[in-house]
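One structure is given here, and the rest of the page talks about it.
Ligands are counted one by one from 1 in listed order, and the atoms in each one are counted from 1 as well. This is a predicted model, so every value here is computed, not measured. FYI, side chains are in, hydrogens and waters are out, and symmetry mates aren't considered; it's all heavy atoms of this structure.
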Amino acid sequence: MSESRGWTRREALGMLGMGVAAAALPEFASAQTPAFPRGAVIRTVLKDYAPEELAGGATLFHEHMSFADAFMVRWTGYAADTRRDTAMPGAAAPVQGAGRQGGPATAPPAPPSTPSGKYFMQDLAYQVEEMTIAKGEGIACIVDGGHPDMGRDINFLRQMSQQSGLPVVAGGGFYTQPFYPKEIATMSEEQIYQALLTQADTEPIGCWGEIGSWDWMTKDERKVFRAVGRACVATNLPIFTHTGIPGKSALEQLDIFEDVGVDPKKVVIGHVGNLVDPNVEVHRAICRRGAFIGFDRQGAAGDAQQVPMVMKLIDAGYADNLMFASDLSNIAQTKQGKGPGYARTLTVFVPKLKDAGADAAVLKKIMTDNPRRFLAFVPKKARKG
Ligand SMILES: [Zn+2]
């Protein structure tokens, strides 16, 4: 099967057991549904759902629908700095003055805007259309991994969800060292913890994420991770992470969370599909401890190297720990930008696993059950807003 042949809508819905033909297949009819704790909900920007209500499609646990317009420009600049500073193999020639010295000297080409001239993550009509398409392709719920330090706008997400009819979970927290508000440097762990609880009290966030370390973990990042771990224990909201590029500090992140009492079942260690680890040793170590691992930049060129990693993990018995998403961040990846769209994990990546021999029922479980088991939590306080 060709690399890039995506599934049609009918095929994707069929895989999820939503098509007429698939409904007749015993493997879907008898599929055991996961058991959720009594009182567990999935908290979206508009309402709390019983996890069973979102069983009819895939949940994407790490995407982006709302950013500040400068976010990706800053991100790209910091990434260039990091590659130069750490002299990673394959590093591009250094860009003079890129990144942390106040932005690139040679500005990268401005990303194409939407027909109405806006940055796509600030164009409500554009994103409503993207969500409507993704819903039609089999997505039942989508998680936005931004928070205020990335310019995520919760009211934008609310309107987008309302107008498209697609349930949206918003993340909370602090992102990574280059994006922290200045005060983080002088705040104590306790003060950061209190600030996180305030976020959860004032906005209907449904998880802590994405919580990251940029490269090797910094002391501020360790402080934030401890505070986020404690906020997870205090609120029961689950956590998903961003690991340094590529996949650095994955084990250290989990160590910190466990040190402050977090149940690994409430954690996804993210971006580990990018790790150069063909025998998936780090992945196995994380799974053995009970956490999820994120193959969360899927549906693109990197799939070729990641499909064999995922197959090894399924063969090793870790299907229940796998979590897939695409971390969409660029207009060229959207449907209206002539890309595969927000559902590309389901329509592009999952078919590649099927071609590699993965069982359809296992894939369905990974796309529909694992993210609901991750997101479902028993609230300690009633939602506000
Ligand atoms: Zn992300």
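We find that R289 and D255 are joined by a salt bridge, their nearest charged nitrogen and carboxylate oxygen being less than 4.0 Å apart.
From L353, atom CG reaches atom CD of Q306 across 10.0 Å, with rounding to the nearest 0.5 Å.
Within the structure, salt bridge (Lys or Arg N to Asp or Glu O under 4.0 Å) pairs that include any residue of residues 328-339 comprise E137-K335 (at least two apart or interchain).
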| said: side chain to side chain donor-acceptor pair (under 3.5 Å), that's the test. Do S213 and Q177 meet it? Break it down for me. | reply: CA-CA 7 Å; S213 43; Q177 183 80 57; over 6 Å; no
| query | Please walk me through it: do R84 and D81 pass salt bridge (charged side-chain N to carboxylate O under 4.0 Å, His left out)? | reply | CA-CA 5 Å; R84 184 189 54 220; D81 273 356; 2.9 Å; yes
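For the Zn ion (ligand 1), the set of protein N/O/S atoms nearer than 2.8 Å consists of H62 NE2, H64 NE2, E210 OE2, D327 OD1, ordered by chain and number.
By the 6.0 Å contact criterion, NZ on K354 is open, its count of non-hydrogen atoms from other residues, nucleotides or ligands being 12 or less.
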